[in-house]
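Both ligands and their constituent atoms are indexed starting at 1 by order of listing.
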Amino acid sequence: MTATILDGKAFAADVRARVKAHVSQMVNEHGITPGLAVVLVGEDPASRVYVRNKGVQTLEAGMASFEHKLAVDTTEQALLALIARLNADPAVHGILVQLPLPAHLNAELVINSITPDKDVDGFHISNVGLLGTGQKAMVPCTPLGCLMMLRAHHGSLAGLNAVVVGRSNIVGKPMAQLLLGESCTVTIAHSRTRDLPDVCRSADILIAAVGRPHMIRGEWIKPGATVIDVGINRTDMGLAGDVAFAEAVTVAGAISPVPGGVGPMTIACLLANTLTACCRSNGLPEPEGLTV
Ligand code: GUN
């Protein structure tokens, strides 16, 4: 038996198409164009690629894209002044500061200076608290993409055992909150977890977000489980996920590959969040199926 492949590329294309249709309706019926501002400090090559892709996809969705590329030695004061301007700019509905920031900048302080309503990354402490208490939040893009794929495959997730391997603020913790919101029984495992293979084998839904290539082996997976691989590890052999795919695909019921799984969903969900932020700030109904 081999698993159903969860095709993130196709899924992301569908999300982008739905965002684009909704944006077109906003422009035509309300004269409002959703706008996303992306701030990049420094020259990190991977970050530059991400920022370029975000800009291209924002424009393709019919939204306005504002790119701010700042020198690596930009002061915290200058960065905070830019964010204050973007916070006050009515054409900007979403603000994303690309991480990691250079070491001399306090990332927490910078992120928390973004107006929570425009925090399309969902990293602001207010959004973290809103998500944790089950209130309407901006939800981090990668976990949101994973949840959309899980809902599409399963329908209801209620009562399923979910194991999230990884406890980062960007993926692991918000993913666990989202799954709890779906009435899963949630375990967060990490590098210090005892008997990790056994813990993983208890999962009906296994989310791998550790950043270690092929760490999760086929025999760690419950037969028929759904496996979502969030890992994007650059190795000599190319991109590798956190899951040993060739083994896992023979055991799992469904699995997302790397590349072509969760990756393409992240920017699609960033566009969805920007649209959601724009709808909320204008008192318009939110797009169905693009938020939690
Ligand atoms: N760097 C890597 N992933 C992300 C992300 O999701 N958002 C931001 N702002 N920076 C990142």
| Strictly by modelled atom types, are Gln135 and Thr133 linked by a side-chain donor-acceptor pair under 3.5 Å? | yes
| Within a reach of under 6.0 Å around CZ of Arg212, are more than 12 heavy atoms found that belong to other residues, nucleotides or ligands? | no
| said: Just checking Glu108: does its CD atom have more than 12 heavy atoms from other residues, nucleotides or ligands closer to it than 6.0 angstrom? | reply: no
| About how many Å separate CD1 of Ile205 and CG of Leu160, when rounded to the nearest 0.5 Å? | 5.0 Å
| query | How many angstroms lie between CE in Met26 and NE2 in His93, if you round to the nearest 0.5 Å? | reply |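 Answer rounded to 0.5 Å: 6.5 Å.
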| message | I'd like to know if the side chain of Asn87 and the backbone of Ser113 have a donor-acceptor N/O pair within less than 3.5 Å. | response | yes
Under a 3.5 Å threshold, I'd like every N/O contact between ligand 1 and protein atoms, with atom names and distance.
| unit_1 | atom_1 | unit_2 | atom_2 | d |
| --- | --- | --- | --- | --- |
| ligand 1 | 1 (N) | Gln98 | NE2 | 3.2 |
| ligand 1 | 1 (N) | Leu99 | O | 2.9 |
| ligand 1 | 7 (N) | Asp121 | OD1 | 3.1 |
| ligand 1 | 7 (N) | Asp121 | OD2 | 3.2 |
| ligand 1 | 9 (N) | Val97 | O | 2.8 |
| ligand 1 | 9 (N) | Asp121 | OD2 | 2.6 |
| ligand 1 | 10 (N) | Leu99 | N | 3.0 |

